[in-house]
Amino acid sequence: MCDFLFASVAGIRSVIEKPGNKHFLLKPLQGGSLTHVTATFESLYGTIESSWEQTNEMINYHFVVPVNTTASIIRPCGERDFKKPAKEFKDARYEDGRIVFEVGSGEYNISIPNLVEINAMVD
């Protein structure tokens with residue numbers, strides 16, 4: 001159960017090709033009745049944090065990447081909503097309904113429109 005919570009809901013995932021969490025993946029899964037999640041993982045390099053909070057309009061993500069590590073971030077994002085995060089994260093790209101980018105150590109916040117709510121309004 002803990003693996004599911006860390007790897008899926010909070011989205012903290014190891015990258016097999018880069019052991020020891022020198023590089024890891026943050027790909028949280030939101031939905032269902034959950035409106036927020038916060039998780040921390042103690043890696044060899046420090047604390048990895050991943051949290052998200054869902055409102056009617058936005059999903060706000062907060063993540064911390066420890067010193068001397070990097071992370072790939074993958075988040076659902078509408079193509080028209082891609083422009084703002086792309087300005088903040090220079091290597092950001094849009095792939096199959098997701099924003100994908102890499103970051104170095106630091107603390108980050110990103111807000112993306114809630115696609116579930118947007119899709120419900122369109123239907």
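All heavy atoms count here, side chains included; hydrogens, waters and symmetry mates do not.
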* How far apart are the C-alpha atoms of H36 and S51, what are their side-chain angles, what is the distance that settles it, and do they pass the side-chain hydrogen bond (donor to acceptor under 3.5 Å, both in side chains) test? -> CA-CA 7 Å; H36 64 281; S51 66; over 6 Å; no

* To do: Can you measure from CD1 (I59) to CG (N114) and round to the nearest 0.5 angstrom?
  => 4.0 Å

* To do: State the CZ-CZ distance between F63 and F24, to the nearest 0.5 angstrom.
  =>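 CZ of F24 is found 9.0 Å from CZ of F63.
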
Between [X] and [Y], what is the shortest heavy-atom contact and its length?
{"X": "L34", "Y": "Q54", "value": "O-OE1, 4.3 Å"}
{"X": "S8", "Y": "R13", "value": "CA-NH2, 4.1 Å"}
{"X": "K22", "Y": "N68", "value": "NZ-O, 2.8 Å"}
{"X": "W52", "Y": "V9", "value": "NE1-O, 3.1 Å"}

Side-chain touch [X]/[Y], heavy atoms, less than 4.5 angstrom:
{"X": "I73", "Y": "Y61", "answer": "no"}
{"X": "L26", "Y": "I48", "answer": "yes"}
{"X": "E107", "Y": "H62", "answer": "yes"}
{"X": "P113", "Y": "E57", "answer": "no"}
{"X": "P28", "Y": "S50", "answer": "yes"}

* If you look only at pairs with a residue in residues 95-104, which of them pass as a side-chain hydrogen bond (donor to acceptor under 3.5 Å, both in side chains), with sequence neighbours excluded? ->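 Applying side-chain hydrogen bond (donor to acceptor under 3.5 Å, both in side chains) to every pair that reaches into residues 95-104, excluding sequence neighbours, yields R93-E95.
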
* Asked: Side chains of E42 and T47: do they bring a donor and an acceptor to under 3.5 Å?
  -> yes

* To do: Please confirm whether the backbone N or O of I16 pairs with a side-chain atom of S14, one donor and one acceptor, at under 3.5 Å?
  =>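 Looks like no, no N/O pair under 3.5 Å.
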
